[in-house]
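Computed from a predicted model, the values in this text were never measured in an experiment. Residue numbering restarts at 1 for every chain, and letters A, B, ... go by the order of the sequence lines.
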Number of protein chains: 2
Amino acid sequence: MLRLSKLTDYATVILSHMAKNGKQVHAAIEIASITGIALPTVSKILKLLVNANVLVSTRGSKGGYGLARLPEKISVATVISALEGPIALTECSISHQGCEQASGCGIRSNWNLINLTIHNALESVTLADMIRPTGAPEEIRVPVASLFR
Amino acid sequence: MLRLSKLTDYATVILSHMAKNGKQVHAAIEIASITGIALPTVSKILKLLVNANVLVSTRGSKGGYGLARLPEKISVATVISALEGPIALTECSISHQGCEQASGCGIRSNWNLINLTIHNALESVTLADMIRPTGAPEEIRVPVASLFR
DNA sequence: AAATTCAGGACTATTTTAGTACTATTTTAT
DNA sequence: ATAAAATAGTACTAAAATAGTCCTGAATTT
């Protein structure tokens, strides 16, 4: 499975909760209790999202976290790279040093093409798309069964 | 990083070696010595690829492994799912049981859309594409820098 | 000044992945 | 027939990555 880490999965849950509720500020402990994710884990995720400029934080009592911009302006690609670093399938797409096959490897640029395609796909989906009501018929254009051939 | 396992990476190296050499049959030990991957690991990968009908094997002396069909007919998606199982970003896209947020989670069908997009991207690239000479200018249509924003 | 809340970093435990070893089975060649 | 060559299958071990926790410090509000 081409897997996303659990933390990234949590991040999407947290962010969609924040995007759904119009509230400006959410304390970490509030998010933890609503989502059922342990507080230290929630804090860790929120911190990473602040560093990636997806969230803004305010300290002190009445403080908390809020979206840095409109959900329409937050792409899934941004969220994933905030949690996991650059989006790339192979190690050599990020750094090609230490690859003993560097010279004989004619695959690299082709991997880059694939990475780019995937990145574009993830860039085109925003947080606003994620919180749209599930299963809206016009959203599903292709039979999902084809995924598991 | 949206990572592929090392074994999958190895698999693409092994398969492109096999696709480049017109030879019909390659012994596991020959592949190991050429690619520099340890023999037991090579065997493991080759077996998985046979199970996924990407390769065919013949036993006995003069035996070995060969491509089950033309490189044009072997997609990257097939290779990845042979090594890692179904291509999906989130656990709940594969099995949704045991997800305590099952009812309140409106994200699932949107993840499926993303998964589908990525799957299509990977399905459209074949082994034949992977062994094309690297860096052919017409292949690179978008600046790679945009990948690492 | 006290209470609340985020910031940052270090640490531990768990899970996943990679790699190894061994035995059985099949086919070819002598 | 028999030996050699090669894959098939299974179980096990070790290493690495990930997830999760904890603690101390800093900022803001009341």
Side-chain angles (χ1 to χ4, degrees), chain A residues 1-14 18 23-33 35-68 80 82-85 88-91 94 98, chain B residues 1-11 13-14 18 23-33 35-68 80 82-85 89-91 94 98:
Chain A
M1 184 171 81
L2 188 62
R3 221 183 40 179
L4 235 47
S5 75
K6 264 193 197 175
L7 292 183
T8 307
D9 203 356
Y10 292 164
T12 61
V13 172
I14 291 172
M18 295 175 73
K23 268 178 60 181
Q24 286 304 309
V25 171
H26 305 253
I29 194 169
E30 171 216 319
I31 294 172
S33 81
T35 60
I37 305 166
L39 177 58
T41 304
V42 169
S43 295
K44 188 176 187 173
I45 294 167
L46 292 173
K47 274 179 253 175
L48 287 170
L49 291 172
V50 169
N51 289 339
N53 295 311
V54 172
L55 298 179
V56 290
S57 64
T58 50
R59 296 190 187 187
S61 73
K62 301 263 179 181
Y65 297 88
L67 297 179
I80 292 177
L83 275 288
E84 322 209 0
L89 294 182
T90 52
E91 193 64 48
I94 293 175
Chain B
M1 185 174 81
L2 189 64
R3 221 185 39 184
L4 237 49
S5 75
K6 262 195 201 174
L7 291 184
T8 307
D9 203 356
Y10 291 163
V13 173
I14 292 172
M18 293 176 74
K23 268 177 60 182
Q24 287 304 308
V25 171
H26 304 254
I29 195 169
E30 170 216 321
I31 294 172
S33 80
T35 60
I37 305 167
L39 177 58
T41 304
V42 169
S43 295
K44 190 178 186 174
I45 294 167
L46 292 173
K47 272 179 251 175
L48 288 169
L49 291 171
V50 169
N51 289 339
N53 295 310
V54 171
L55 297 179
V56 290
S57 64
T58 49
R59 295 192 188 187
S61 72
K62 302 261 181 182
Y65 296 88
L67 297 178
I80 292 177
L83 276 285
E84 322 209 1
L89 293 182
T90 53
E91 193 62 49
I94 293 175

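Put simply, Thr58(A) has no side-chain N or O that comes within less than 4.0 Å of OP1 or OP2 on dT28(D). For the OP1/OP2 pair of dT17(C) and a distance below 4.0 Å, the side-chain nitrogens and oxygens of Tyr10(B) include no atom meeting the criterion.
Residues Leu83(B) and Ala11(B) approach most closely at CD2-CB, 3.9 Å, considering heavy atoms. For Tyr65(B) against Met18(B), the heavy-atom pair with the smallest separation is O-CE, 3.4 Å.
Across all strands shown, Leu7(B) has heavy atoms under 4.0 Å from sugar-phosphate atoms exclusively, and none from any base. Looking at heavy-atom distances under 4.0 Å, Lys47(A) makes contact with a base.
Listed candidates were dA19(D), dT21(D), dT20(C). Nearest to the side chain of Pro40(B) is dT20(C). For Lys62(A), taking side-chain heavy atoms from C-beta onward, the closest of the listed nucleotides dG8(C), dT30(D), dT21(D) is dT30(D). Residue Arg59(A) has its side chain nearest to dC6(C) when only dC6(C), dT21(D), dT25(C) are considered. When distances are taken from the side chain of Thr41(A) to each of dC6(C), dT28(C), dG20(D), the shortest belongs to dG20(D). Here dA7(C) is the nucleotide among dA7(C), dG19(C), dT20(C) with the atom lying nearest to any side-chain atom of Ser57(A).
Per the geometry, CG belonging to Leu49(B) stands 11 Å off P belonging to dA8(D), to the nearest Å. Atom CD of Gln24(A) is separated from atom P of dT5(C) by 18 Å (rounded to the nearest Å). Here the P atom of nucleotide dA8(D) and the CD1 atom of Ile45(B) are 14 Å apart, to the nearest Å. In this structure, Leu55(A) places its CG atom 15 Å from C1' of dT5(C), rounding to the nearest Å. Here the C1' atom of nucleotide dA8(D) and the CG atom of Leu48(B) are 12 Å apart, to the nearest Å. In this structure, Lys6(B) atom NZ and dT16(C) atom C1' are separated by 13 Å, rounded to whole Å. In this structure, Leu39(A) places its CG atom 18 Å from P of dA19(D), rounding to the nearest Å. Residue Tyr65(A) contributes atom OH, which lies 13 Å from atom C1' of dT4(C) at whole-angstrom precision.
Nearer to the 5' terminus of DNA chain C, by closest-nucleotide assignment, is the contact made by Gly60(A) (compared with the other of Gly60(A) and Asn51(A)). Taking the nucleotide of DNA chain D with the nearest heavy atom to each of Ile29(B) and Lys44(B), the more 5' of the two is matched to Ile29(B). Residue-to-nucleotide proximity on DNA chain D shows that, of Gly64(B) and Thr8(A), the 5′-proximal contact is made by Gly64(B).
Looking at Leu4(A) and Asp9(A), their side chains never come closer than 4.5 Å, going by heavy atoms from C-beta outward.
In this structure, Ile29(B) places its CD1 atom where only 12 or fewer heavy-atom neighbours from other residues, nucleotides or ligands lie under 6.0 Å away.
Summarising the geometry, atom CG belonging to Asn51(B) is positioned 11.0 Å from atom CG belonging to Leu46(B); distances are rounded to the nearest 0.5 Å.
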